[in-house]
Structures are given as C-alpha cells and as structure tokens.
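Taking it in order: structure first as structure tokens, then the write-up.
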There are 2 protein chains.
Amino acid sequence: MRKNAVEQLSEYLAGQGLRSTTQRDQILQVFISAGRHLSAEELYLRVKKPHPGIGYATVYRTLKLLAEAGLADERRFEDGFTRYEYKASDDHHDHLICTKCGAIIEFENERIEALQQDVARKNHFLVQNHKLELYGLCGNCQKNR
Amino acid sequence: MRKNAVEQLSEYLAGQGLRSTTQRDQILQVFISAGRHLSAEELYLRVKKPHPGIGYATVYRTLKLLAEAGLADERRFEDGFTRYEYKASDDHHDHLICTKCGAIIEFENERIEALQQDVARKNHFLVQNHKLELYGLCGNCQKNR
DNA sequence: ATTGATATTGAAAACCATTTTCAATACATA
DNA sequence: TATGTATTGAAAATGGTTTTCAATATCAAT
Ligand SMILES: [Mn+2]
Ligand SMILES: [Mn+2]
Ligand SMILES: [Zn+2]
Ligand SMILES: [Zn+2]
C-alpha cells in the first residue's frame with residue numbers, strides 16, 4: 001500500500017506538470033500511517049515530529065492535492081474542521097458520529113444507496129456524490145449517561 | 001402561520017427569561033416571508049430594506065435564537081455558508097443540491113429513514129439527528145451541458 | 001554536471017464567515 | 001416612572017484556511 005501510494009502521487013504530479021518533492025512524499029507517508037479522519041492540524045503535528053522543517057501551509061496544500069489526486073477523501077463533519085481520510089481505491093462509506101466523544105464509525109449500506117438513486121431519478125437529478133451522516137451517541141456514551 | 005410564529009417566539013423568549021424586541025419580530029417576519037435556505041447575509045439584505053437600522057450581528061444572533069426556539073433549522077451545505085429554513089412543526093426532510101446552479105430540492109423517504117435506524121441499531125448507536133445530502137446536477141443543468 | 005525556467009516551500013499576512021466586545025438603549029417588572 | 005438588565009449596532013476579534021512573497025528545489029535542456 002505504502003509504496004504504491006507514493007507512486008500514484010508521482011504519476012498524478014507528472015501528469016499534471018507538477019513536481020515531486022520530499023515534503024509531499026513525507027506528508028503522504030505520515031498521512032497513510034496515521035489514523036483516519038485527520039484534520040490538517042492533527043496531521044501537521046504528526047508530520048512535525050519526524051520532519052520538523054515542514055510548514056503548516058504545506059500540509060494544507062498537500063492534503064488538497066491528495067484529494068485532487070484521488071488519494072484522499074475530504075470530509076466536513078459538524079466540528080468545524082475539514083478532515084481527510086486515505087482512500088484505497090474507489091471505495092465508499094458513510095459515517096456514524098458520536099456527539100459526545102467524537103467517535104466515528106464507518107458503514108456501507110447498499111439498500112440506502114439504491115434508494116438514494118430512486119429519489120434522484122424521481123427528481124430528474126444526476127447524483128455526483130452524497131453525504132450521509134448519523135449524529136448521536138455511540139454504545140459507550142449511552143452507558144456513561 | 002405568520003402571527004403564530006411571532007407568538008411562538010414570544011413564548012419561548014418569556015420562558016427563557018429573554019426579552020421580546022421589535023428587531024426580533026421584524027427579522028422573523030422577513031425570514032418567514034422570504035424563501036428557504038437563506039444565509040445570514042441574504043436575510044440581512046432582505047431585512048435592511050424595510051428596516052434599515054437593523055445590524056448585521058443582530059441578524060446572526062436572531063437566526064441562532066430561532067434555531068434554539070425550534071422555529072428554524074440550521075443547515076450547512078458545502079458552500080461555506082450556514083443556511084436557515086423556517087420549520088413549521090417537527091417536519092423533516094433531506095436535500096438534493098445542484099452543484100451547478102445551486103438549486104435545492106427537498107425530499108422525504110421513509111424507507112431510507114428506516115434503514116438508517118437499522119444501521120444505527122447494528123452499531124449500538126442512538127441517532128439524535130442526521131444529514132443526507134445528494135450533490136449533483138438538476139434536470140435543467142443536465143440539459144444545458 | 002551545469003544551467004535556467006518555474007514550481008514549491010515556510011513564515012507571515014490576509015481572508016472571510018461568524019462571534020464577541022462594549023457602551024448606549026430598550027424592555028419588563030415593581 | 002424608576003430601576004436592573006437584556007439587547008442592540010458598530011467595530012474588533014476569532015479561527016480555520018488560503019494567499020503572498022522571497023528563497024529554494026525540481027527537472028528538462030544544455
Ligand atoms: Mn470514513
Ligand atoms: Mn430544506
Ligand atoms: Zn461516544
Ligand atoms: Zn442546477
């Protein structure tokens with residue numbers, strides 16, 4: 001996975017007339033090895049440790065670049081931060097988000113996806129992408145009141 | 001509808017130890033008579049015409065108040081603005097949003113709602129609210145390329 | 001390898017929707 | 001009508017993100 005992602009980025013950059021840089025590779029490496037749904041600042045802090053020279057703006061720029069290259073998905077939940085997650089291929093999933101502890105659970109549901117298409121069809125609408133987020137309390141947070 | 005909403009607001013304010021003001025009533029009136037899914041600035045501009053003295057901050061504050069009072073729903077689509085819509089009662093709907101012209105189509109789908117509950121149950125999750133947005137092209141925008 | 005054109009970087013400033021501050025004013029209660 | 005305080009408008013502050021800019025790094029052409 002790891003080496004392949006770096007190659008994927010290189011190919012995208014070359015194809016766009018952009019340049020490969022050590023910063024971009026380093027940020028990508030840390031991004032992939034870190035957990036999912038990271039904000040720019042969270043990633044910046046993780047990148048800083050092994051690569052202290054890297055700047056804040058470069059992390060922001062690289063995350064946007066990864067999204068454009070198809071290597072990351074950009075998510076805006078209701079916490080005011082843009083979050084990114086590594087995207088293996090063309091997989092898709094939606095989210096359960098705990099409003100108390102911030103836990104994020106991922107799920108896929110074919111039937112919901114199909115019904116969304118039905119809704120779109122009925123409204124002469126062509127869906128490009130969608131967002132389904134369920135906010136509430138995770139199992140743990142229900143127990144602890 | 002109109003007079004009732006003003007009364008509803010008054011009751012909420014009284015119950016919270018807050019005060020009724022002419023600004024709040026004026027903003028609510030314009031809010032209800034304007035279209036749905038308005039941003040604070042859009043509402044501010046509409047309010048300015050009949051009530052030039054009203055300030056920007058008051059419109060922001062009143063919209064948040066209306067949401068707390070249950071008179072408005074707060075929506076954050078992907079355009080960077082918080083939008084509000086008048087909420088008659090406890091109705092609920094989701095949205096189709098055209099990425100080209102910005103048109104917003106509302107829909108309800110019982111089966112999707114039910115399946116969401118299934119997903120939540122399977123994950124020991126208690127849903128408080130949810131967001132389902134389908135982004136793409138409306139009928140018109142598909143025709144015009 | 002060296003050059004040269006230019007893409008990229010880090011630091012700081014700018015951006016921009018929204019929130020907060022604060023002194024003046026309006027509301028509700030006695 | 002007086003009084004305590006919630007609310008207002010204007011301006012400043014906030015905070016995540018983007019942009020600016022001079023210095024540096026990349027890479028294709030020598
Ligand atoms: Mn996810
Ligand atoms: Mn709506
Ligand atoms: Zn939780
Ligand atoms: Zn459209």
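To find a chain, count down the sequence lines: A is the first, B the second, and so on, and within it residues start at 1. Computed from a predicted model, the values in this text were never measured in an experiment.
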[X] has an atom [atom1]; how far is it from atom [atom2] of [N], in whole Å?
X	N	atom1	atom2	answer
B/Gln16	D/dT5	CD	P	19 Å
B/Asp25	C/dC27	CG	C1'	12 Å
A/Leu13	C/dT6	CG	P	19 Å
A/Leu9	C/dT8	CG	P	11 Å
A/Phe77	D/dG16	CZ	C1'	17 Å
B/Glu78	D/dG16	CD	P	18 Å
B/Glu41	C/dT19	CD	C1'	16 Å
B/Tyr12	D/dT7	OH	P	11 Å

Whether the [X] and [Y] side chains hold a donor-acceptor pair (N or O, under 3.5 Å, no angle test) is what I'd like checked.
X	Y	value
A/Glu106	A/His37	yes
B/Thr62	B/Gln23	no
A/Gln128	B/Tyr135	no
B/Tyr60	B/Lys64	no
A/Glu133	A/His95	no

Side chain to side chain contact (heavy atoms under 4.5 Å, CB included), that's the test. Do A/Ile104 and A/Leu96 meet it? Break it down for me. CA-CA 6 Å; A/Ile104 298 175; A/Leu96 296 158; over 6 Å; no
In residues 66-74 of chain A, which residues come under 4.0 Å of DNA chain C by heavy atom? none
Please check the phosphate of [N] (OP1 and OP2 only) for any side-chain N or O of [X] closer than 4.0 Å.
X	N	value
B/Lys64	C/dT19	yes
A/Thr82	D/dT17	yes
B/Tyr60	C/dT18	yes
B/Arg19	C/dA26	no

Return the 5'-most residue of the pair B/Arg24, A/Tyr84 with respect to DNA chain D, ranking by each residue's nearest nucleotide. B/Arg24
A/Glu78 side chain near B/Glu74 side chain, heavy-atom distance below 4.5 Å: no
Same cluster (ILVMFWY, side-chain, under 4.5 Å), B/Leu137 and B/Ile97: no
Tell me whether the centres of the aromatic rings in A/His93 and A/Phe107 are closer together than 6.0 Å. no
Do A/His130 and A/His92 make the cut of ring centroids closer than 6.0 angstrom? yes
Check every atom of C/dT19, C/dA7, D/dT26 against the side chain of A/Thr21 and return the nucleotide holding the closest atom. D/dT26
Categorize B/Thr22 for me: base, sugar-phosphate, or nothing, with a 4.0 angstrom heavy-atom threshold over every strand shown. sugar-phosphate
Which is true for B/Ser20 with a 4.0 Å heavy-atom rule: it touches a base, it touches only sugar-phosphate, or it touches nothing? sugar-phosphate
Please encode protein proximity along nucleotides 10-16 of chain C as a string of B, S and -, counting only heavy-atom distances under 4.0 Å. BB-----
Given that B/Arg83 and A/Leu18 both sit by DNA chain C, which one's nearest nucleotide is further toward the 5' end? A/Leu18
